[in-house]
Amino acid sequence: MKEAYFPQEIEKKWQKKWEEDGVFRTPEDSNKPKYYALSMFPYPSGKLHMGHVRNYTITDVIARFKKAQGYNVLHPMGWDSFGLPAENAAMKHGADPAKWTDENIAYMTKQLKMLGLSYDWDREVTTCKPDYYKWTQWLFLQLYKKGLAYKKEAAVNWCEECGTVLANEQVIDGKCWRCDHVVEKKYLSQWFLKITDYAEILLKDLDKLEGWGDNVKTMQANWIGKSQGAIFKFKVKEIPGLEVPVYTTRPDTVYGITYLVVAPEYKDIEKLTTPENKEAVEAYRANARKMTEIERLSTDRVKTGVPLGTHCINPFNGEEFPLWTADYALVEYGTGAVMAVPTHDTRDFDFAKKYNMPMKVVIQDPENPSDCSTEAYTEPGVLVNSEEFNGMKNEEAKKAITEKAVKEGFGEFKTQYRLRDWLISRQRYWGAPIPVVYCDKCGIQPVPEDQLPVMLPTDVDFSVVGKSPITTSKTFKDTVCPVCGGHAVRETDTMDTFMCSSWYYLRYSDAKNANKPFDRDLVNKWLPVDQYVGGIEHAILHLLYSRFFTKALRDLGLLDFDEPFKNLLTQGMVLKDGSKMSKSKGNTVDPDEIFENYGADTARLFILSDSPPARDFDWSDAGVEGCYKFLNRVWRLISTNAEFIDVNHCEIDPAVKLEKSNDDLVRIVHMAIKGITNDISNDFQFNTVISKYRELTNAIYDWRSAKKELNTEDKNVLSFAITTLIKLMSPVAVHLTEEAWHELGGKGSIHEQAWCEWDENLAKASSITLVVQVNGKVKDKIEVDEALSQDELKATALNSPRIKELTDGKTIVKTIVVPKKLVNIVVK
RNA sequence: GCCCUUGUGGCGGAAUCGGUAGACGCGUUGGACUUAAAAUCCAAUCGGGGCUCAACCUCGGUGCCAGUUCAAGUCUGGCCAAGGGCACCA
């Protein structure tokens, strides 16, 4: 065995060998229990960044650990390869998006292999290939047939920079999630998926996801935004037959209504406007149209509005009040109209103060009544000025008042969600074409399944501005109607790439199936994913869409489970100098350089070492250096002792009594096995796993430096210690341990060896340190035999000279004995 | 404003059940080896006080204030701060 550690040499050698031997292929005919470990697949942007390295290393270690524990592990990789960057590259450099994407995939595949990741490449999935997007299109058609995909004209989010519409989930603070450009509203006819049909179950099933963090679950719950309240219908005094329904979560405040607000885009607003007010209302509406989402939704902005001139009648008490339009009412939520109770709603209060609207208190804290002259009272209380409901607690009144409205026919209970339907049309080229045609006679027609895939045309001009390149194809648009055979035109919009990524994890179970997206038995066998690992940025987007897809496909009878990801680990960001690595900040670290200078094992070890996976990780050059030194230290330990070690003869007979120092080392090894196994099993605490590698290594060094000559027992113990260290480190330092395994006479690959077992009796020190406290403060530590009874421990503690001295002349009030650990003597 | 997460040395962080706070590492300081450097190895490293020094002793210390307990980083209540999510959603 070479004395010096040359990672570059051994890493290449083993990567090649593993590939030739198919070490990481997942057999279908195994009788072992299955385990599905999955990283969120990357967009092939060109090169791996450290976030990828962290993500994939975490999942890889999990996959290897589970495999060693006896599972048949599925650990696949693929490419989320449709999307705008490829198209932008085409526009800028004239490259073909398909070629650009292929080249990036080739380069990044090489990098993934250099990292030593244990993927089954036979199951690779690439979303931009026809053999994949055929099935994305097919799934769209199934959703369409089920009524879950529909086309409608709506106000949609438009990003001018990207030249396409966006889903609500892709608008972050009023800006495009990809390019940060401010999003505008446009009225367009677009394809939507009816995710709102699943709002309740998507919310409710979050409770089932015990293996997900609360942060992600809460983000999804907030996004779905369930609220319970009532709809009340208000007759319009001036227009018989016309009603304005409002949604409220505060039915208890109906006797306090003093005006009513409709959104500027409210459907009946023109009818509700009197001729005298028409000019002012039109001007107000025009102004509202011009505003961006950011301006419109800013809570700091002073509220504005104009009266419509008409009036509504409160069905509860016959009171009349004016109708206004104001842009703090949103047309997309509830009914687009709001009943205003300035005394008990802060927004209504602000508005009423500005326009001198009347106010009427209807809820009061009986102990400390407020007249609501300076601010709205929004706390619980008791009803006043509310006729037969006076004196009722407001929580009870919500129900009672709604019941009255239901009985008298002007209201109903209503559950409302903030979630909107998912807009999936994109006016871009590099995506899966939406498989529908528009016939002059028959209208919208789905493309028959036997005509899939609808292939992306290649005769397109990427230099066009203001429209999708796909529309420049001469071969794509014109087609025949599948029903009447007459002229029809194809849909030129493509699907949101999040459609492609909403089902890729299912495809891995049956990646090469040419007849269907996946076999039902195979998908039921492998799914749900046992451990999903990825960035928190997908807390809503990808993870919500995938949950929706799984539920919809379950309802379509394509699979039998209803949640795709049993356990979710959201890894923290990789930082450098305290801020996120980014090209613009110039603080990126190129994985290639790390591989070249230190090797992949150092990169893997370091990226797992300093922080628990869920927390942010601060990259430091000194830290990499430290890990490299540690691997060198391990290598030296092995190479300088290689002559004494035999991995095939390293069993220690527990019946044979070992010499003290040997017994101690064997115990340390067992403790390491136990500690490391538990740390990986409990939330993947790789940082403490690595601490334990170091502790074990240090312990073997200490043991070795205390021995001059090694006898047979010593050699056996050393073989046991080193073999165990190599096995324990094998999921992380995948190349170094494989090399050592072979150099020490191991057969096969170390990555096919079973995980180490520990002996509970040996996984603890032979004696224990008894901590003796007086009044809760540590005063003495005594080495004792662990077999001592509680009474003996107490006696030992009281006999200690130091304790005798401290308790002398004092009364012992109480003595607490914690078995094998501690005695606390309480004195007065 | 509402919700979630997190607060421990100079730094990253550790501490199954409430039971020795600071594992392991980074950094720093000192030393060994070397002509020198690198590499490697050894040692020290929370703060205040006591003792001429040291060993040692003692007090304080896990964001803040209370509480429960023989015992609190850990449990309870109330605050504060940072990060993230949602937000004129009626």
Side-chain angles (χ1 to χ4, degrees), chain A residues 4 172-173 213-227 229 246-250 253 261 263 296-303 326-330 332-341 344-348 350-351 378 416-420 536-537 539-540 570 572 578 606 609-612 614-618 620-627 629-630 632-633 636 675 678-679 682 685 687-698 701 705 769-781 813-827:
Chain A
I172 311 292
D173 292 333
D214 282 341
N215 52 346
V216 178
K217 286 195 273 189
T218 315
M219 279 160 76
Q220 291 213 357
N222 287 343
W223 188 258
I224 295 166
K226 180 179 182 174
S227 70
V246 301
Y247 172 72
T248 180
T249 54
R250 294 298 304 274
T253 63
V261 175
R296 173 77 186 264
L297 295 176
S298 164
T299 47
D300 311 328
R301 200 162 55 94
V302 176
K303 289 173 185 48
D327 57 20
Y328 79 91
L330 306 175
E332 315 96 271
Y333 187 75
T335 62
V338 183
M339 59 177 231
V341 184
H344 305 298
D345 181 280
T346 52
R347 296 152 304 185
D348 299 342
D350 293 345
F351 191 83
T378 56
Q416 186 71 41
Y417 300 91
R418 262 204 300 266
L419 184 69
R420 313 279 156 81
I536 186 77
E537 66 274 16
I540 294 170
T570 47
F606 177 54
S609 65
D610 267 358
S611 303
R615 279 207 225 171
D616 286 349
F617 178 89
D618 208 349
S620 74
D621 297 335
V624 186
E625 198 69 43
C627 286
K629 284 182 186 172
F630 172 63
N632 272 284
R633 194 167 142 80
R636 268 197 313 278
N678 288 343
D679 284 355
N682 302 333
Q685 293 180 57
N687 54 330
T688 57
V689 168
I690 287 160
S691 304
K692 283 166 182 143
Y693 292 161
R694 291 175 183 273
E695 284 177 54
L696 180 56
T697 306
N698 291 345
Y701 263 108
S705 64
T769 307
L770 180 71
V771 173
V772 187
Q773 297 181 331
V774 175
N775 288 347
K777 302 221 183 273
V778 179
K779 294 295 173 188
D780 203 3
K781 295 173 190 180
V813 184
K814 201 174 182 182
T815 309
I816 290 105
V817 181
V818 181
K820 297 179 189 180
K821 235 176 208 161
L822 172 144
V823 175
N824 186 13
I825 299 157
V826 185
V827 297

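Order of the sequence lines sets the chain letters (A, B, ...), proteins ahead of strands, with each chain counted from 1.
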Trainee: Rounded to the nearest angstrom, tell me the gap between atom CG in A:D780 and atom P in B:U58.
Mentor: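 Atom CG in A:D780 sits about 11 Å away from atom P in B:U58.
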Trainee: Considering just the side-chain nitrogens and oxygens of A:R615, establish if one lies under 4.0 Å of OP1 or OP2 belonging to B:U6.
Mentor: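 Negative; the distance criterion is not met.
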Trainee: For RNA chain B, which consecutive runs of 3 or more Watson-Crick or G-U pairs (each distance under 3.5 Å) count as stems?
Mentor: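 Stems for RNA chain B, defined as runs of 3 or more consecutive pairs: B:1-7 with B:80-86, B:10-12 with B:24-26, B:27-32 with B:40-45, B:46-50 with B:56-60, B:63-67 with B:75-79.
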Trainee: At 4.0 Å (heavy atoms only), tell me whether A:A614 reaches a base, stays on the sugar-phosphate, or touches nothing.
Mentor: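 Contact class for A:A614: none.
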Trainee: Side chains of A:S609 and A:N687: is there a donor and an acceptor less than 3.5 Å apart?
Mentor: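 No donor-acceptor contact under 3.5 Å links the two side chains.
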Trainee: Where the side chain of A:Y333 is defined as all heavy atoms beyond and including C-beta, which of B:A90, B:C4, B:C86 is the nearest nucleotide?
Mentor: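 Nearest nucleotide to the side chain: B:A90.
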Trainee: How would you summarise protein contacts on nucleotides 22-34 of chain B per nucleotide, using B for base, S for sugar-phosphate only and - for none, with heavy-atom distances below 4.0 Å?
Mentor: -BSSS--------
Trainee: Mind telling me if B:G25 is syn or anti? Syn here is a glycosidic angle within 90° of 0.
Mentor: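 The base of B:G25 is oriented anti (glycosidic angle more than 90° from 0).
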Trainee: Check whether any side-chain N or O of A:K777 sits under 4.0 Å from OP1 or OP2 of B:G60, and answer yes or no.
Mentor: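 Yes, within the criterion.
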Trainee: Distances under 3.5 Å between protein N/O atoms and the N/O atoms of nucleotides 16-21 of chain B, please, pair by pair.
Mentor:
{"residue": "B:G19", "atom": "N2", "partner": "A:Q773", "partner atom": "OE1", "Å": "3.3"}
{"residue": "B:G19", "atom": "N2", "partner": "A:N824", "partner atom": "ND2", "Å": "3.4"}
{"residue": "B:U20", "atom": "O2", "partner": "A:K781", "partner atom": "NZ", "Å": "2.6"}

Trainee: Does the side chain of A:K779 come within less than 4.5 Å of A:V772's, by heavy atoms?
Mentor: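 Contact flag for A:V772/A:K779 side chains = no.
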Trainee: Atom CZ of A:F617 and atom P of B:G13: how far apart are they, to the nearest Å?
Mentor: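 Rounded to whole Å, this separation is 10 Å.
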Trainee: Could you check whether A:S227 gets within reach of a base, just the sugar-phosphate, or nothing at all, counting any heavy atom under 4.0 Å?
Mentor: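 Sugar-phosphate, backbone atoms only, no base.
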Trainee: Any side-chain N or O of A:K217 less than 4.0 Å from the OP1 or OP2 oxygen of B:G85?
Mentor: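 For A:K217, the contact criterion (side-chain N or O under 4.0 Å from OP1 or OP2 of B:G85) is not met.
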Trainee: Check the distance between B:G1's P and A:R301's CZ and give it to me in whole angstrom.
Mentor: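 Answer to the nearest Å: 20 Å.
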Trainee: Which residues pass the ring pair (Phe, Tyr, Trp, His ring centres under 6.0 Å) test with A:F617, not counting sequence neighbours?
Mentor: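 Listed in chain order: A:F606.
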Trainee: If every non-hydrogen atom of A:A340 is compared with every non-hydrogen atom of A:D348, which pair is closest and at what distance?
Mentor: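 So the two residues come closest at CA-OD2, 3.3 Å.
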Trainee: Taking the basic N atoms (NZ, or NE/NH1/NH2) and the acidic carboxylate oxygens, is any pair closer than 4.0 Å for A:D679 and A:K692?
Mentor: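 Looking at A:D679 and A:K692, the cut-off is met.
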Trainee: For nucleotides 42-51 of chain B, just jot down a letter per nucleotide in 5' to 3' order: B, S or -, based on protein non-hydrogen atoms under 4.0 Å.
Mentor: ----------
Trainee: Taking all atoms of both residues into account, what is the closest heavy-atom pair of A:T378 and A:H344, and its distance?
Mentor: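 So the two residues come closest at CG2-O, 3.5 Å.
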Trainee: Check A:D327 with A:K303, please: is the shortest side-chain N to carboxylate O separation under 4.0 Å?
Mentor: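 A:D327 and A:K303: not salt-bridged.
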Trainee: Rounding to a whole Å, what distance do you find between A:D616:CG and B:C11:P?
Mentor: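 That distance rounds to 17 Å.
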Trainee: If every non-hydrogen atom of A:A539 is compared with every non-hydrogen atom of A:M219, which pair is closest and at what distance?
Mentor: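 Closest approach of A:A539 to A:M219: CB-CE, 3.3 Å.
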Trainee: Report the distance from atom CG of A:D327 to atom C1' of B:A90, rounded to the nearest whole Å.
Mentor: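 One finds 14 Å between C1' of B:A90 and CG of A:D327, rounded.
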Trainee: Think A:R418 forms a cation-pi with A:Y333, using NZ or CZ under 6.0 Å from the six-ring centre and within 45 degrees of its axis?
Mentor: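 Checked: cation-pi criterion not met.
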Trainee: What are the two closest non-hydrogen atoms of A:A263 and A:L330, and how far apart are they?
Mentor: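 Where A:A263 meets A:L330 most closely, the heavy atoms are CB-C, 3.9 Å.
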Trainee: Assign B:C56 to syn or anti; the rule is syn for a glycosidic angle within 90° of 0 and anti otherwise.
Mentor: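 For B:C56, whose glycosidic angle is more than 90° from 0, the conformation is anti.
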Trainee: Determine whether any donor atom in the side chain of A:K814 lies under 3.5 Å from an acceptor atom in the base of B:C70, or the reverse, and answer yes or no.
Mentor: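 Donor-acceptor pair under 3.5 Å: no.
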Trainee: Going by distance alone, is a donor N or O of one side chain under 3.5 Å from an acceptor N or O of the other, for A:S227 and A:Y417?
Mentor: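 Absent: no donor and acceptor within the cut-off.
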Trainee: Quick one: are A:V818 and A:V823 in side-chain contact, heavy atoms under 4.5 Å?
Mentor: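 Contact flag for A:V818/A:V823 side chains = no.
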Trainee: Mind checking what makes ring pair (Phe, Tyr, Trp, His ring centres under 6.0 Å) contact with A:F630, not counting sequence neighbours?
Mentor: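 Counting only residues at least two positions away or on another chain, A:F630 forms no ring pair (Phe, Tyr, Trp, His ring centres under 6.0 Å).
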Trainee: Just checking A:K820: base, sugar-phosphate only, or nothing, at a heavy-atom cut-off of under 4.0 Å?
Mentor: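 No contact.
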Trainee: What class does the angle between the rings of A:Y328 and A:F351 fall in, given that below 30° is parallel, 30 to 60° is tilted and above 60° is perpendicular?
Mentor: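 If you compare the ring of A:Y328 with that of A:F351, the planes turn out tilted.
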